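It should be emphasised that the depicted structure is a prediction, and the values quoted were computed from it without experimental measurement. Numbers here simply count residues along the sequence, with the first being 1.
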Amino acid sequence: MVTATRIQAPEVTETRLLINGEWCDADSGKTFACINPATGDTIAQIAEGDAADVDRAVKSARKAFETGPWSKMSARDRGNLLLKLADLIGEHAEELAALETLDNGKPITEALNADIPMVQAAYRYYGGWADKIYGDTIPVDRAMGNFFCYTKREPVGVCGQIIPWNFPLLMMAWKWGPALACGNTVILKPAEQTPLGALRVGALAMEAGFPPGVINIVNGFGETAGDALVKHPDVDKIAFTGEYKTAQIIMANAAPTLKRLTFELGGKSPNVVFADADLDQAAQGAMAGIFFNQGEVCCAGSRLFVEQSIHDEFVDRFKTLAEQRRLGDPFDPQTEQGAQVSEEQFDKVMKYIDIGKNEDKATCVTGGERFGDKGFFVKPTIFTGVNNQMRIARDEIFGPVVSVLPFSDFDSLVSDANDTQYGLASAVWTKDITKAHAFADAVKAGTVWVNCYNTFDIAAPFGGYKFSGHGRECGRNVLDHYTETKTVWINLGER
Ligand code: ADP
């Protein structure tokens, strides 16, 4: 782990759109303010792209895909470009971590030790995949004749990629890595709250040598730039990470052009502590499960199911840990919890805290209020006395707010754990391997963690059941979403 000697907020060098290998202003000339969530101050004015800019980016991505050097480049060379980008990210790790902290409000120690290494690993991993994506030879029925049948894996084409603000560079890497490894061209629409890191990585990608038009970045708002990307007739696929309500709009808007869609959406993940668990480990896991990244994690363990017989003792331990958590300046290397990403998000979290206290009438055992008097900080908040019907147990809050739900038997636990529209992740803490497997089998979620939480690896598939998504990112699985399979039949004739 790198313990940062204090890293300063970096200079912001890229604020424009990246289209066809060039930095440019929006056609409209419009800009929007990028805000530091730890202070509320404006960091920079960012070019605000809309439909006209998206159209330019799509044209450049189409040209690069069909006729540019990229279209003729060997898979290995594509992989080498991704590896070069990974190297450049390593060389600029501190600067990129600082941009994430400045833009998102996350602690510098986490940006440096979690985000950036995972970003680099993602580009490396997919750089390695580029020349290992190929088809099969199929033993078709000889009775039909003498055929040689094989499949090819071809890129889908021009991919629109719309990402959120919680792990800006990682979400970008999860999308650029596989798309580029497969030979697609991309147009990235960063979240309006956090464009800075993506723009810097865009510059590094140009330095790595990606040809013009292969990577494009159009900053702007969802309802304008994002919407234009989704509706554009010459975009073949949309990969989206964000709220399910946005995914529903995207799905409807993508229907007329029948785009390929993959979604990574929200969650209300059950984190289950059995009485036989190592309670110290489980309490740490409950903390990591909900408070990591200010609770702005799609797979946050926001419903903490605790076996009745240990409920009070466990809540005591958990509360003590939550109250020890160090909040404050995200650039302070000691800080464990930074600011929520925006005023809007801060207001949403505070609204849910109010609902928990006054509408659901749950018990707020710690937190439940703002931290400090500037920026968008929320104290780690624990509600007890929660049942699964309450709004704080049903709605995704996307902040440092956890609902503790007691349980006393396995079947009702499973039924409650699955009684949610979401199905992204889950965890179980127990020393009983049989119980752990039984839960892993029964829970409807894309990831199950046993005696751990928030372990990620770019090689391990990630995604959700139900309203938590379509398809899987990471690992080998995502490559299917960025390729078409072409089946070729050759009549060899009879000899
Ligand atoms: P959040 O509410 O947490 O910001 P969103 O789902 O609204 O989550 O945002 C995730 C990403 O989706 C952002 O880049 C945002 O700009 C984009 N987005 C929002 N609305 C739309 C839309 N109607 N069409 C396309 N993209 C959108």
Side-chain angles (χ1 to χ4, degrees), residues 1 97 100-101 104-122 125 164-171 173-174 241 264-273 277-306 318 321-322 325-326 335-338 340-341 380-382 396-404 417 420 422-430 436 439-440 443 445-465 468-469 472-475:
M1 165 143 156
E100 290 290 72
T101 290
N104 166 278
K106 66 175 67 200
I108 186 71
T109 307
E110 280 176 8
L112 196 59
N113 292 296
D115 294 64
I116 302 303
M118 288 199 286
V119 168
Q120 195 184 22
Y125 176 80
W165 41 258
N166 56 344
F167 295 94
L169 284 180
L170 186 62
M171 295 299 98
W174 282 14
T241 300
E264 200 263 277
L265 311 175
K268 198 74 191 174
S269 298
N271 188 8
V272 177
V273 184
D278 175 332
L279 295 191
D280 283 332
Q281 195 192 26
Q284 292 289 353
M287 286 274 291
I290 187 63
F291 298 134
F292 171 58
N293 209 50
Q294 297 68 245
E296 294 171 346
V297 183
C298 49
C299 54
S302 49
R303 289 184 302 148
L304 182 65
F305 289 91
V306 180
F318 183 31
L321 289 177
R325 204 163 160 73
R326 283 192 296 264
T335 293
E336 294 170 321
Q337 186 171 313
Q340 307 309 126
V341 73
T381 299
I382 303 175
E396 185 180 45
I397 299 174
F398 225 66
V401 181
V402 63
S403 295
V404 183
T420 166
Y422 295 110
L424 190 57
S426 61
V428 56
W429 301 84
T430 175
F439 182 79
V443 72
T447 294
V448 186
W449 284 298
V450 179
N451 295 330
C452 55
Y453 209 101
N454 280 341
T455 51
F456 293 100
D457 190 290
I458 191 63
F462 184 80
Y465 287 37
S468 291
R472 294 291 178 271
E473 293 198 292
C474 307

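Although no hydrogens or angles enter the test, the distance criterion places a donor-acceptor pair under 3.5 Å between the side chain of N451 and the main chain of T430. For the pair S269 (side chain) and G423 (backbone), a donor-acceptor distance under 3.5 Å is absent. Under a 3.5 Å cut-off, the side chain of T101 and the backbone N or O of K106 do form a donor-acceptor pair. A side-chain donor-acceptor contact under 3.5 Å links E100 to the backbone of L169. The backbone N or O of N166 sits less than 3.5 Å from a side-chain atom of N293, completing a donor-acceptor pair. A distance-only check finds a donor-acceptor pair linking the side chain of E336 to the backbone of R326 [under 3.5 Å]. Between the side chain of R325 and the backbone N or O of F291, at least one donor-acceptor pair lies under 3.5 Å. At distances below 3.5 Å, at least one donor-acceptor pair connects side-chain atoms of N454 with backbone N or O atoms of A288. A donor-acceptor pair under 3.5 Å is absent between the side-chain atoms of Q337 and the main chain of Q294, judged by distance alone. In terms of modelled atom types and a separation under 3.5 Å, the side chain of Y453 and the main chain of G301 share a donor-acceptor contact.
Summarising the geometry of V401 relative to S302, their closest heavy-atom pair is O-CB, 4.3 Å, with the distance given to 0.1 Å. Considering every non-hydrogen atom in both A121 and I458, the closest pair reads O-CG2, 3.9 Å. When all heavy atoms of G285 and W429 are compared, the pair lying nearest together is CA-CZ2, 3.4 Å. Of all heavy-atom pairs spanning N113 and P117, the tightest one is O-CG, 3.5 Å. The two residues G267 and S468 have their closest heavy-atom pair at CA-OG, 4.1 Å. Residues T241 and P164 approach most closely at O-CD, 3.4 Å, considering heavy atoms.
Residues F167 and V297 are in side-chain contact: their nearest non-hydrogen atoms beyond the backbone lie under 4.5 Å apart.
Under the rule for a ring pair (Phe, Tyr, Trp, His ring centres under 6.0 Å), F439 has no partner lying at least two apart in sequence or in another chain. Residues forming a ring pair (Phe, Tyr, Trp, His ring centres under 6.0 Å) with F456 (at least two apart in sequence, or on another chain): W449, F462.
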